[in-house]
Amino acid sequence: MEARRALVVGAGFGGIAMCLRLKRLGYQVTVLDNNPKAGGRAQVYELDKYKFDGGPTVITAPFLFDELFELFGKKRSDYVEFLPVEPWYRFEFADGSRLDYGGTLEDTITEINRLSPGEGGGYERLVAFSKRIFSVGFDKLADQPFHRFVTMLAQVPALLALKSYLSVYSLVGKFLKDDRLRRAFSIHPLLVGGNPMQTTSIYCLIHYLERKWGVWFPKGGTGALVQALVKLMHEVGVTLELNRQVSKVMVEGKKAVGIQLENGEERLADLVVFDADPPKVYRDLIDARHRSKWTNRRLKRLSFSMGLFVWYFGTSRRYPDVEHHTIIMGKVFKELLEDIYDRKILSDDLSLYLHRPAASDSSMAPEGGDAFYVLAPVPNKLAKVDWVKAGERIRLQVQKQLEDTLLPGLGDCLEVSHFVTPDDFESKFNTLWGSGFSIAPLFRQSAWFRFHNQSEELENLYFCGAGTHPGAGVPGVVSSARVVEKLVPPARVGDEDAFQKIFRSKSRTFSLASLLLPKERAEAIFRLYYICRTLDDWADEGHGEKLREASQCWSEHRPHELLDHYRFLQARWGLGSLPLTELMDAMLREQEGVRIKSEEELLEYCHGVAGTIGLMTCPIFGVTEPDALQHADDLGIAMQLTNICRDVREDAENDRIYLPADFFTTSPSVSDLLSKDSKWIEETVLVKRRLLSLAEERYASGEAGIRYLPFRMRIVVRWAGRMYREIGELIRDDPTGYHSERAVVKSGKKLRILLPSLGRAFLPR
Ligand SMILES: Cc1cc2nc3c(=O)[nH]c(=O)nc-3n(C[C@H](O)[C@H](O)[C@H](O)COP(=O)(O)OP(=O)(O)OC[C@H]3O[C@@H](n4cnc5c(N)ncnc54)[C@H](O)[C@@H]3O)c2cc1C
């Protein structure tokens, strides 16, 4: 089987993480980027003897990078060292006061109490609340695909309980009173492009993220981290092509089949992932006739993140008192945010972020000198600012503000200077309206409402990076690649004919029923059958080690020859991950011999090995309603209960007793069940009747769920249910027969069951 080809457009942190994950899945991967260096916004600018990280400087959640190296059995620390930063940030307020934020919780509480006596307790409560937000927003949702609305709906109660309807500033205000503290602890949305007054309080999770893993700086700068990842990409065989501007997505029917470069060159691929600004990709790279959701009109209604003015400068002297990350608050806060986001004008009173990397790593500045960048949030290009004229004026305004505060004498020791404005973000990074962070992180533009990681418009088209779920910022974009990893089909496709042959030879009855299914759905069912059947064979034939390996690969998102077929079905039909996890868990538990104790345990087992298959089948039949899923689960459980009644003897011979011990007067042993002793036979008959009654309730539920199915699927599912019920009837009629032969439905009877199923399929939904 040949490996499928993947193209990743954009070598930002999202694109880099993406290409490594695709490579690990077995794809042949090429990354294309229009810039001369990898890293996207993390470009490195070299001016004379000075070197500047152009973008991200605050590295949080370092484990996300460790993971990328571990995908290939390597250690991140062998490639790049992470230095702890202390304090994480220093806040300089307009009234001359300051706050050092970072270190232990106690350190921060002491600092807060020094600045505003008695507020330490409020801060502690804010941390506790942000921990709750984190455990939902990061732990559960950051790498969860949100391309289905049901996923969003399922999260609504938790999001409301966490007050996600409040803005970050309002939530912080509930815990802290001092306005300086409120401002300082509300800045996190600005790190991902949002207005703290409007951004959903879910973004307070960044607060806890910093507290949990600290703030780090790669030795040699963020550029050294990019280079470490590029080295890894080369080692594992990812092709990186720089200075390549992608100008078009090639489409056939409803599928993305490749890209076209600006010079007209075409590159075909089995899938294309954009680590680029999604609104720009939809608007300018995909012909309007292929877009029904992301029309130009709709794209115009989006809210974009702010623009950035960033000035990089080197000085001939050092400023040793300046910390690594300093936030210089202007006199006004709310008004500045209104200027940026609402009035869209340049403010006279700016708040600044000053980066002095030599504070953590002296190699970041030449001997005796210092290297800085200073960043001012400004309106994006929806504002009517002529940056060609305004750029130098703002630079002088910023220089004056720095001279008056932290960098006295700056003008006299400037050696090199370069600045970028929203114009550069637009032209260098292909970003709509020159925004710093793609669309703004508002509630109405988050999770399901954000650009989906799997395109709604075209098959084989995916998005990672700042504009998609979970959002901007380095941890966000690296996590977005984890999301896409869960959505793409496996790198190797498999042989449809072979799956069909296996299905037809092993399940003659259902192969007849499958003739009623549309071709594509039937093929998906054959593939699903192949996966579940193979797992089942491993479980039955004592290949516990194969099952364990599969389960481990699955939980660690590693490629696996068999389970990659399930990933393929997930990408095409949206099958959930949990049913497969539960199926393998249940099979693994069976490996050690089975003694079911109670009805509850039995039903849990039946859900694990059979209800789950009902759940996997639903999306292939086009059914996603939660109620319908419950019926499908019930039908699977009913069938398994029937199987258990049919196979008591075979199971006992394999040291498995599924009949619940507490249904008997005393727990039966294997030899009790295999014996011809009338006491045991009579008891077993009663227990089986009880199980068949349990099954009957669930068949009724399964039957009720059939109304959710499209027409032809109704026939197939009703027939399958009826066939199993018939087996139940045979057992009821001859409950002791299990000692001699298996209950089998004769061919004539099968047809007699099919005919009424055909008729009832016409019932309305
Ligand atoms: C100045 C600044 C400071 C920041 N500081 C921090 C920080 O300290 N910590 C933090 O976590 N986050 C920070 N961020 C945010 C963070 O850097 C970004 O959200 C993140 O790096 C974006 O990564 P990405 O993978 O989405 O894409 P990008 O970095 O935007 O990379 C995408 C790449 O794709 C290329 N591309 C786009 N379209 C095409 C095309 N058609 N053809 C070819 N190539 C194309 C772009 O040119 C770019 O090179 C900062 C951002 C900026 C701008």
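Note: hydrogens, waters and symmetry copies are ignored here, and every other heavy atom, side chains too, is used. In each ligand, atom 1 is the first atom listed, and ligand 1 is the first ligand listed. A quick note: this is a predicted structure, and the numbers were derived from the prediction, not measured.
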Under 3.5 Å between some N or O of ligand 1 and some N or O of [X]?
X: L375; answer: no
X: L308; answer: no
X: V246; answer: yes
X: L191; answer: no
X: V474; answer: yes
X: Q43; answer: no
X: Y373; answer: no

Using a 4.0 Å cutoff against the non-hydrogen atoms of [X], which atoms of ligand 1 qualify?
X: R41; value: 28 (P), 29 (O), 30 (O)
X: R244; value: 42 (N), 43 (C)
X: A276; value: 37 (C), 38 (N)
X: V9; value: 40 (C), 42 (N), 43 (C)
X: G54; value: 1 (C)
X: P475; value: 11 (O)
X: Q245; value: 40 (C), 41 (N), 42 (N)
X: F425; value: 53 (C)

Problem - Backbone of G15 reached by a side-chain donor or acceptor of D275 within 3.5 Å - result: yes
Handout entry: Atom pair CZ/CE of R98 and M329 - distance to nearest 0.5 Å
Key = 14.5 Å
Exercise for the section: Compute whether any side-chain donor of one residue and acceptor of the other, for D349 and S347, lie under 3.5 angstrom apart. Expected result: no
Problem - Stepwise side chain to side chain contact (heavy atoms under 4.5 Å, CB included) test for V378 and D339 - result: CA-CA 8 Å; V378 292; D339 282 349; over 6 Å; no
Practice task
Please work out whether any backbone atom (N, CA, C, O) or any side-chain heavy atom from C-beta onward of F463 is under 4.0 Å from ligand 1, and answer side chain, backbone, both or neither.
Solution key: neither
Exercise for the section: Might you work through the salt bridge (Lys or Arg N to Asp or Glu O under 4.0 Å) test for E456 and R291, ending with a clear yes or no? Expected result: CA-CA 9 Å; E456 308 93 314; R291 292 184 272 129; over 6 Å; no
Considering only protein heavy atoms, which is closest to [atom], and at what distance to one decimal place?
atom: atom 13 (C) of ligand 1; result: P56 CB, 3.7 Å
atom: atom 36 (N) of ligand 1; result: N34 OD1, 3.3 Å
atom: atom 18 (C) of ligand 1; result: G473 N, 4.0 Å
atom: atom 48 (C) of ligand 1; result: D33 OD2, 3.5 Å
atom: atom 51 (C) of ligand 1; result: F437 CE2, 3.7 Å

Exercise for the section: For a side chain to side chain donor-acceptor pair (under 3.5 Å) with T431, tell me which candidate from K280, R41, K381 qualifies. Expected result: R41
Fill in the blank from the handout: Tested for side chain to side chain donor-acceptor pair (under 3.5 Å) against H325, the lone hit among Y353, W88, Y89 is Y353
